[in-house]
Engineer: 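One structure is given below, represented as structure tokens, and several questions about it will come after.
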Amino acid sequence: MDRIGVQHIVYQIILVTVVAIVVGTAASLAAIGFVEAVHYLNDRLLISPYARVLAEDRPGLVAAATLIVPAAGGLIVGLMVHFLVREKRGLAPPDAILAAQTSGPAPGFRSGVASSLAALVSLGSGASVGQYGPLVYLGAMFGNLAGRLRLNLRHQRSIAIACGVAAAISTAFNAPIAGLVFAHEVILRHYSLRAFAPVTVAAATGYIIANVIFNRPALFLVSFDRVEHSYEFVFFALEGVLCAGLAWVFMLLLRFSTNIARRHIAVLWVRPAIAGLMVGLVALWIPEVLGIGQETLRFATIEGAFGIGELGLIIVAKLVLTALCVGFGFVGGVFSPALLIGILFGAFYGLMLPYLAPVPLSGLEVYAICGMMALASSVIGAPLTTILIVFELTRSYDLTIAAMVAVVFANLISYRVIGRSLFDLQLRERGFDLSLGRDKAILETHRIGDYLSTNVTAVSERDTVGDVRQRLVDDHRSEAMVLNRDGKLLGVVRLQGIVNSHADTPVLETAIQSFTIFDEDTSVWQSMEMLRGFLGEAVPLVDRRGRLKGVVPEEAVIRAYLEIVHDLREEENEAA
């Protein structure tokens with residue numbers, strides 16, 4: 001390798017490392033600031049259990065805050081999203097996936113900031129939504145900003161977005177390996193070495209900032225020795241299956257809630273306020289439904305903290321209210337609610353088991369953790385990430401193996417029933433379908449019109465067969481497009497079809513009326529599908545008024561497919 005080549009490699013390595021550290025630092029600091037701001041608002045607005053206990057000598061104030069704060073917060077969120085966010089909805093991990101997977105424009109910085117502030121108000125006012133979705137988008141937003149810089153790096157935007165997401169997850173969970181895997185498993189959908197190195201640096205940066213500099217506490221602490229009895233792995237597998245069913249119910253409720261809001265509440269910015277009012281009413285009776293529920297999550301692993309009936313009630317209330325809040329427009333994620341519902345269900349399952357199978361068990365903690373990770377992995381579609389989170393948080397090999405069994409069985413069922421994740425379902429509703437693989441989804445985003453050729457033999461409807469035959473001979477083509485005076489495509493004439501026709505015959509009489517045709521929205525994938533059984537030189541492409549814009553040769557369709565797939569394979573397999 002020559003000197004210039006060595007200098008270029010050194011430049012690339014240094015620049016990629018700097019981008020990873022800068023994006024990781026920004027995402028980590030933003031994540032810490034966001035979480036602290038949520039805690040501050042929860043304390044000030046009497047949402048957190050600690051603040052409510054301190055104010056227990058003023059029950060009227062606590063009740064008023066419980067009822068008014070979520071509704072008022074919903075109203076503010078609705079107005080912010082309606083007037084400040086261009087997309088008229090909260091931005092979330094699906095937007096980060098779409099930005100990383102495609103070359104199309106990502107949501108703007110203003111929309112990203114407004115959506116993050118709306119998420120802060122949502123969480124601060126006690127809505128039953130999660131904080132990890134907004135944190136993931138915050139990280140992706142910083143990555144997208146870095147992706148706009150002219151640094152001459154290949155796949156700069158997607159890698160920078162993955163760096164931001166990895167740092168945010170690493171900071172939030174104190175789990176750098178889980179952050180690294182989440183960015184590859186959910187955002188990038190591949191494990192190329194070129195992406196692996198900078199994403200690892202970003203995840204490590206987030207972990208150092210959160211743990212070494214700010215000494216952030218762990219999400220929860222569990223003391224667990226080992227699984228005492230081998231037959232319990234059957235119980236873990238069954239728990240995974242039940243969690244997959246619960247995840248399916250959760251997603252059905254989310255869809256039902258969204259449809260109810262669309263059909264019955266015309267004013268968009270009012271919807272979150274209605275959901276907030278419902279949260280407040282239920283919270284007067286069950287305060288555990290308020291907010292993220294971190295304290296509830298920690299208590300769920302403690303023997304005797306909740307009874308069976310109490311757990312069942314909270315699970316149902318949290319399921320319904322989370323679906324209501326997300327469907328009605330509060331800005332927030334579903335990862336935290338899935339963790340909370342999962343750990344509550346796991347604890348419920350652990351308490352019920354002695355009645356169903358009267359055999360010795362290893363304790364409530366392991367069943368609570370298994371439920372948490374099995375449900376969350378089914379919802380976000382990241383089984384490896386959730387297994388690693390358990391290992392990094394608990395450092396318990398036995399607990400990780402138990403969670404792994406539950407996660408695997410949960411995903412085996414949920415993948416068949418639901419699909420890979422809620423994120424993929426949301427992307428499919430926007431026309432980006434990853435269910436049949438990354439190749440098809442990317443090919444669907446490229447228009448075949450980019451390969452349009454204007455070298456076409458176009459004839460008038462008034463021409464005769466003799467005129468057209470001579471034009472085709474002069475142009476060295478075998479096909480001609482028949483147009484009317486407005487340029488609208490009327491038919492296709494092939495040379496072999498008019499060879500024996502009389503020269504004075506009007507060409508329109510010999511034109512093929514039924515033929516393959518592309519329009520401005522035809523994707524590369526659709527064009528490949530439409531070419532099945534196609535015989536001819538090229539496919540005409542028309543605008544929305546049916547006027548001919550040009551033709552796409554069969555060779556161009558194959559070339560488009562090969563070029564895009566080649567870029568994808570190169571991105572997935574290239575070295576650093």
Side-chain angles (χ1 to χ4, degrees), residues 19-42 90-97 99-100 107 109 112-124 129-147 160-183 186-187 198-220 291-294 297 331-339 376 380 382 385-386 388-389 392-393:
V19 168
I21 292 173
V22 171
V23 172
T25 302
S28 180
L29 291 175
I32 293 170
F34 186 91
V35 171
E36 288 301 317
V38 169
H39 288 162
Y40 176 80
L41 287 175
N42 283 172
L91 302 175
D95 296 287
I97 297 171
F109 183 71
V113 171
S115 176
S116 298
L117 290 174
L120 181 61
V121 175
S122 298
L123 290 157
V129 292
Q131 65 178 355
Y132 299 118
L135 294 185
V136 165
Y137 189 76
L138 260 179
M141 187 176 71
F142 286 112
N144 188 48
L145 286 177
I161 288 173
C163 287
V165 171
I169 291 293
S170 173
T171 303
F173 285 100
N174 291 340
I177 303 175
L180 165 69
V181 173
F182 181 86
V186 177
I187 304 296
V199 173
T200 304
V201 171
T205 302
Y207 179 76
I208 291 169
I209 290 174
N211 287 273
V212 179
I213 299 177
F214 288 95
N215 194 22
R216 303 280 301 167
L219 180 63
F220 56 84
I292 307 167
Q294 280 190 349
L297 187 142
V331 182
V334 294
F335 195 5
S336 299
L339 290 174
I380 67 167
T385 302
T386 51
L388 286 169
I389 287 174
E392 291 192 272
L393 285 178

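Treat the numbers as computed from the prediction; the structure is a model and nothing was measured.
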Engineer: Would you give the length of the straight line joining atom CG of Leu180 to atom SG of Cys163, rounded to the nearest 0.5 angstrom?
Structural biologist: 10.0 Å
Engineer: Hey, could you give me each pair passing salt bridge (Lys or Arg N to Asp or Glu O under 4.0 Å) that has a residue in residues 20-35? Not counting sequence neighbours.
Structural biologist: none
Engineer: Could you report the tightest heavy-atom contact between Val136 and Ile169, atom names first, then the distance?
Structural biologist: CG2-CD1, 3.7 Å
Engineer: Are Leu29 and Phe214 packed together at the side-chain level, in the sense that at least one heavy-atom pair is separated by less than 4.5 angstrom?
Structural biologist: yes
Engineer: Distance check, rounded to the nearest 0.5 Å: Phe34 atom CZ versus Leu117 atom CG?
Structural biologist: 8.5 Å
Engineer: Side chains of Val35 and Leu135: closer than 4.5 Å at any heavy-atom pair?
Structural biologist: yes
Engineer: Do you know which two heavy atoms are closest between Ala162 and Val199, and how far apart they sit?
Structural biologist: CB-CG2, 3.7 Å
Engineer: For the residue pair Pro176 and Tyr207, what are the closest heavy atoms and their distance?
Structural biologist: CD-CD1, 3.4 Å
Engineer: Between Phe335 and Phe173, what is the ring plane arrangement, given parallel below 30°, perpendicular above 60°, and tilted in between?
Structural biologist: tilted
Engineer: Considering all heavy atoms of both residues, which atom of Ala160 and which atom of Val23 are nearest to each other, and what is their separation?
Structural biologist: O-CG1, 3.7 Å
Engineer: Can you spot which of Pro107, Ser116, Pro134 makes a side chain to side chain contact (heavy atoms under 4.5 Å, CB included) with Leu91?
Structural biologist: Pro107
Engineer: So Leu123 and Ile292, do their side chains get closer than 4.5 Å, heavy atoms only?
Structural biologist: yes
Engineer: Are any side-chain N or O atoms of Ser170 and backbone N or O atoms of Gly179, one a donor and one an acceptor, separated by less than 3.5 Å?
Structural biologist: no
Engineer: Roughly how far, to the nearest 0.5 Å, is the CZ atom of Phe142 from the CZ atom of Phe109?
Structural biologist: 6.5 Å
Engineer: Passes side chain to side chain contact (heavy atoms under 4.5 Å, CB included), Val331 versus Val129? Steps please.
Structural biologist: CA-CA 7 Å; Val331 182; Val129 292; over 6 Å; no
Engineer: Is there a side-chain contact between Arg216 and Thr171 (heavy atoms, below 4.5 Å)?
Structural biologist: no
Engineer: Working to the nearest 0.5 Å, report the span between CG of Leu339 and CG of Leu297.
Structural biologist: 6.5 Å
Engineer: Of all heavy-atom pairs between Ala27 and Ala168, which one has the smallest distance, and what is that distance?
Structural biologist: CB-N, 4.4 Å
Engineer: Do Phe182 and Leu388 make a side-chain contact, defined as non-hydrogen atoms from C-beta onward lying under 4.5 Å apart?
Structural biologist: no
Engineer: Can you measure from CG (Asn215) to CD1 (Ile213) and round to the nearest 0.5 angstrom?
Structural biologist: 11.0 Å
Engineer: Sequence neighbours left out, what passes side chain to side chain contact (heavy atoms under 4.5 Å, CB included) with Thr205? Give chain and number order.
Structural biologist: Ile21, Thr25, Val201, Ile209
Engineer: Not counting sequence neighbours, which residues clear side-chain hydrogen bond (donor to acceptor under 3.5 Å, both in side chains) with Thr385? List them please.
Structural biologist: Glu185
Engineer: Which distance, rounded to the nearest 0.5 Å, do you find between the CD1 of Ile161 and the OH of Tyr137?
Structural biologist: 8.5 Å
Engineer: Quick check: closest heavy atoms across Gly206 and Ser28, and the distance to 0.1 Å?
Structural biologist: O-OG, 3.5 Å
